A.B. asks: 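Have a look at this one before I ask anything.
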Amino acid sequence: MVLRILRNLLIAALVSAAATGLISLFWKMIGGGALPLHGWIALSLGVLGTVVLAWVLMGLAFKSDREGWDDRVDNTLDPGRTEADDDGR
C-alpha cells in the first residue's frame, strides 16, 4: 500500500515537472522573458496542485462507483421527478 502511494506520488511529480518544463518552454517561445526562481516555484506548485487535485477527485469518483454509493441515492423527494421518470433501477 505504501509503495503504491509513493509510486503514484512519483508519477504525479514527474507529470508536474514535465508540464512545468513545457509551459516554461512555450513561454519562452512566445517571447516571454526568463522565468525567475519565484516564477518557477509558483508555476511548479500550481501545476502540482492541479495534478494532485485531479488525481484525488478521479480517485474519489472511482471509489464511489466501485462501492456502489451512486446506486444508493434516493431521488424520491426530487421535486422535478415523477413516477413515470422511474426507469426501474
Side-chain angles (χ1 to χ4, degrees):
M1 177 72 173
V2 173
L3 290 177
R4 188 171 135 191
I5 292 172
L6 289 175
R7 183 193 63 183
N8 288 343
L9 285 174
L10 179 64
I11 291 171
L14 290 174
V15 168
S16 298
T20 301
L22 289 173
I23 291 170
S24 176
L25 181 65
F26 180 72
W27 177 254
K28 288 180 182 178
M29 286 175 49
I30 63 172
L35 201 59
L37 177 64
H38 290 97
W40 276 101
I41 293 170
L43 183 62
S44 298
L45 289 176
V47 170
L48 181 65
T50 302
V51 169
V52 168
L53 180 64
W55 209 304
V56 168
L57 290 175
M58 286 304 297
L60 288 173
F62 283 120
K63 179 177 172 44
S64 172
D65 183 53
R66 283 188 200 128
E67 293 181 358
W69 285 100
D70 300 334
D71 299 334
R72 299 180 196 164
V73 176
D74 180 17
N75 287 329
T76 57
L77 299 177
D78 186 5
R81 183 182 171 97
T82 64
E83 289 187 31
D85 293 336
D86 191 15
D87 59 356
R89 283 194 262 170

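Model, not experiment: these values are computed from the prediction. Just so it is clear, the values below take in all heavy atoms, side chains as well, and ignore hydrogens, waters and symmetry mates.
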A.B. asks: What residues form a side chain to side chain contact (heavy atoms under 4.5 Å, CB included) with Ile5, not counting sequence neighbours?
C.D. replies: Met1, Leu9
A.B. asks: If you look only at pairs with a residue in residues 38-63, which of them pass as a side-chain hydrogen bond (donor to acceptor under 3.5 Å, both in side chains), with sequence neighbours excluded?
C.D. replies: Lys63-Glu67
A.B. asks: With Phe62, which residues qualify under side chain to side chain contact (heavy atoms under 4.5 Å, CB included), at least two apart?
C.D. replies: Met58, Arg66
A.B. asks: Considering only Ile, Leu, Val, Met, Phe, Trp and Tyr, and joining two whenever side-chain heavy atoms are under 4.5 Å apart, list the other residues clustered with Ile41.
C.D. replies: Leu37, Leu45
A.B. asks: Only counting residues at least two apart or in another chain, list the ones meeting side chain to side chain contact (heavy atoms under 4.5 Å, CB included) with Val56.
C.D. replies: Val52, Leu60
A.B. asks: Considering only distance and modelled atom types, tabulate donor-acceptor pairs under 3.5 Å from the side chains of residues 12-20, sequence neighbours left out.
C.D. replies:
unit_1, atom_1, unit_2, atom_2, d
Ser16, OG, Ala12, O, 2.8
Thr20, OG1, Ser16, O, 2.8

A.B. asks: Look up atom CG in Leu43 and atom CG in Leu48, then write down how far apart they are to the nearest 0.5 Å.
C.D. replies: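 With rounding to 0.5 Å, CG (Leu43) is 11.0 Å from CG (Leu48).
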